[in-house]
Amino acid sequence: MALVAGVDSSTQSCKVVIRDVETGALVRHGRAAHPGGTEVHPDVWWAALLAAVESAGGLDDVAALSVAAQQHGMVCLDATGEVVRDALLWNDTRSAGAARDLVAELGGPRRWAEAVGSVPVAAFTVAKLRWLAEHEPGNARRTASVCLPHDWLTWRLGGPAGDGGGRDGGELVTDRGDASGTGYWSPATGSYRTDLLEAAFGAVPGLPRVLGPREQAGELRAFGAGEAGRVPLAPGTGDNMAAALGVGAEPGDVVVSIGTSGTAFAVAATPSADPGGAVAGFADATGRFLPLVCTLNAARVLDAAARLLGVDPEGLDRLALEAPAGAGGLVCVPYLEGERTPNLPDATGSLHGLTLGTSTPAHLARAAVEGMLCHLADAFDALGLDPARVLLVGGGARSRAVRGIAPAVFGRPVVVPQPGEYVADGAARQAAWLLAGGDEPPLWETGGAERFEADATPDVRARYAEVRDTRFHDA
Ligand SMILES: Nc1ncnc2c1ncn2[C@@H]1O[C@H](COP(=O)(O)OP(=O)(O)O)[C@@H](O)[C@H]1O
Ligand SMILES: O=C(CO)[C@@H](O)[C@H](O)COP(=O)(O)O
């Protein structure tokens with residue numbers, strides 16, 4: 001039985017799945033935690049990857065491997081391949097002012113949408129590079145090349161066995177999906193916009209070569225591999241693109257992911273360009289496109305509510321399901337980490353409608369779940385689609401309360417695939433595609449999905465919208 005490995009190096013953890021190439025059956029898996037915070041030295045991802053691989057039983061028997069990872073993170077390397085400074089992650093908002101400046105300098109959001117499919121906000125690599133040039137000019141001058149988390153991990157995996165840091169000049173590569181989150185690569189033309197990068201950063205550092213969906217990224221050299229047999233590395237991709245591949249999303253589906261970020265995205269045949277900036281016009285991992293709306297606040301809203309109430313995730317579910325729909329008028333606008341969509345990087349969360357009646361743990365739990373889901377429903381609406389299927393994935397989709405309340409808030413049934421690691425699965429499927437060749441990724445049985453239905457509660461969304469607009473209209 002030939003096996004492939006898929007990695008998901010996401011915000012909170014690194015996950016590894018080992019799957020059968022032919023059937024996609026899960027053979028082994030492992031994970032290791034990432035630290036909190038919005039800047040991290042890439043070596044920390046490397047250490048977590050090693051630990052996750054070990055807990056997945058190693059890679060000795062895999063025939064190909066692919067890495068997916070959190071999008072946008074700025075990894076700067078010097079001329080010797082050493083990391084210049086901690087990577088700034090997608091959810092680090094210090095670059096919000098830099099993004100505003102870039103939008104103004106190019107002549108407004110429409111110009112950016114036309115140039116690269118997206119209007120940069122703090123998350124985009126291009127804004128982080130402007131921030132670096134302005135605030136850490138010494139680090140900017142040392143930056144000989146810039147890449148993304150999955151590019152860097154792929155590069156390290158292809159390094160010499162026993163590599164302890166630094167590299168000997170191997171080529172950096174990326175894929176269309178992750179390149180489309182930089183703000184200096186156009187999904188529509190498939191080429192870098194080095195003019196935009198130079199205008200933002202004052203120089204054009206080395207950039208990863210952008211690979212096609214099943215182009216080989218190199219060979220596995222870490223873990224002592226590459227001596228006995230050759231293990232090809234697939235191009236890898238951003239975590240949302242990998243999730244689309246992992247659940248087998250097709251045009252007509254919208255995927256809503258509740259991880260550290262909340263995302264709503266769809267597979268599209270043509271590129272998109274939203275001058276309003278809400279929809280990022282990304283590329284996907286199959287040669288198509290992935291219009292996507294991303295929020296900064298999703299599963300961690302549930303974590304925060306559980307912490308506040310002194311309960312575990314199951315306790316939060318139980319409380320939320322005890323309270324009535326609408327939580328008696330208690331509304332949580334969950335901008336706990338600032339927000340990206342809408343673009344309110346300095347916003348904080350808000351609780352509105354406290355009365356003696358709503359001052360109960362159950363009402364607070366319900367308000368947190370509904371607020372998080374109303375916020376995601378806004379993201380879903382921004383896509384402007386009427387999909388045949390809405391798929392709910394990510395760690396937060398494991399919550400019983402989320403599954404029960406989501407169809408009411410979204411006003412349509414939701415399908416929850418069997419609990420799994422869909423980003424790592426997508427990476428594994430890409431690795432299998434590299435081995436199999438062909439125009440389409442191999443078809444894998446994704447297992448039993450569960451469909452959840454509920455009566456729509458438009459009044460819950462209306463009340464949320466009223467509080468959101470009153471509180472944040474002028475923010
Ligand atoms: N049963 C559950 N109920 C609610 N939330 C859960 C549950 N299991 C996991 N989570 C949440 O999932 C989140 C992590 O999701 P994940 O998709 O792995 O994030 P990321 O990909 O951003 O690292 C955590 O914030 C965690 O609280
Ligand atoms: O910035 C985006 C999408 O544009 C985020 O979705 C990141 O890719 C992080 O993903 P998670 O770790 O939350 O899955």
Side-chain angles (χ1 to χ4, degrees), residues 7-15 31-36 38 40 45 48 52 68-74 88-93 117-118 120-125 127-128 148-150 177-178 180-183 237-244 246 255-265 278-283 290-307 311-320 336-337 340-341 365 368-369 372-373 376 379 392-406 416 419-424 426:
V7 174
D8 170 18
S9 177
S10 280
T11 315
Q12 295 190 45
S13 62
C14 182
K15 303 134 191 173
R31 68 187 295 147
H34 286 159
T38 60
V40 63
W45 300 327
Q70 54 181 305
Q71 295 181 240
H72 309 296
M74 178 188 72
L88 295 184
L89 306 190
W90 65 279
N91 54 353
D92 188 293
T93 54
S118 301
V121 288
F124 283 69
T125 326
K128 298 181 189 304
L148 299 169
H150 112 257
D178 232 0
S180 65
T182 58
T237 192
D239 55 1
N240 289 292
M241 295 79 198
V255 181
V256 174
S257 170
I258 309 177
T260 313
S261 62
T263 58
F265 55 88
V279 184
F282 294 147
L290 200 78
L292 178 148
V293 183
C294 179
T295 74
L296 279 183
N297 295 286
R300 278 174 168 168
V301 174
L302 307 182
D303 297 346
R307 206 165 48 241
V311 294
D312 60 11
E314 289 72 33
L316 186 80
D317 286 346
R318 190 174 34 74
L319 285 169
L336 306 191
E337 295 227 89
R340 166 168 162 183
T341 317
V369 173
M372 191 271 291
L373 287 170
L376 267 176
L392 208 58
V393 299
R398 295 178 195 256
S399 151
R400 200 161 56 89
V402 165
R403 293 162 174 227
I405 299 170
V416 182
E421 297 300 346
Y422 286 94
V423 175

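Each ligand, and each atom within it, is numbered from 1 in the order the structure gives. Residue numbers start at 1 and run along the sequence shown.
The heavy-atom pair separating D239 from A68 by the smallest distance is CA-CB, 4.5 Å. Among all heavy-atom pairs drawn from V369 and A320, the shortest one is CG2-CB, 3.9 Å. The heavy-atom pair separating W45 from Q70 by the smallest distance is NE1-NE2, 3.7 Å. Residue H34 comes nearest to S9 through the heavy atom pair CE1-OG, 3.4 Å, listed as atom of the first residue, atom of the second, then distance. Of all heavy-atom pairs spanning A122 and T93, the tightest one is CB-CA, 3.9 Å. The two residues G177 and T237 come nearest to each other via the heavy atoms CA-OG1, 3.9 Å.
Judged by distance alone, the side chain of D317 and the main-chain N or O of R400 form a donor-acceptor pair under 3.5 Å. Between the side chain of K128 and the backbone N or O of L89, at least one donor-acceptor pair lies under 3.5 Å. No donor-acceptor pair closer than 3.5 Å links the side chain of S10 to the backbone N or O of A69. Remark: side-chain polar atoms of S261 are not paired, donor with acceptor, to backbone N or O of C294 under 3.5 angstrom.
Polar contact with ligand 2: present for R340 (N/O pair, distance under 3.5 Å).
Atom numbering of ligand 2 starts at 1 in the shown order; those under 4.0 Å from a heavy atom of N240 are 3 (C), 5 (C), 6 (O), 8 (O). Every atom of ligand 2 with a heavy atom of T263 under 4.0 Å away is listed here by number and element: 6 (O). Residue contact check: Q71 has heavy atoms under 4.0 Å from atoms 3 (C), 4 (O), 7 (C), 8 (O) of ligand 2. Of all atoms in ligand 2, listed by their number and element, those nearer than 4.0 Å to a heavy atom of F282 are 4 (O).
Scanning the protein for heavy atoms near atom 12 (O) of ligand 2, the closest one is T11 OG1, 2.5 Å.
Scanning T260, D8, D239 for the heavy atom closest to atom 11 (P) of ligand 2 points to D239. Atom 6 (O) of ligand 2 has its nearest heavy-atom neighbour, among A123, S261, S10, in S261.
With a 4.0 Å heavy-atom cut-off, ligand 2 is reached by the side chain of H72 but not by its N, CA, C or O. Neither the backbone nor the side chain of V423 has any atom closer than 4.0 Å to an atom of ligand 2 (non-hydrogen atoms only).
Partner of I258 under the side chain to side chain contact (heavy atoms under 4.5 Å, CB included) criterion, chosen from V393, L392, T263: L392.
At a heavy-atom cutoff of 4.0 Å, ligand 1 is surrounded by S10, T11, Q12, S13, K15, G259, T260, A299, D303, P313, G394, G395, G396, R398, S399.
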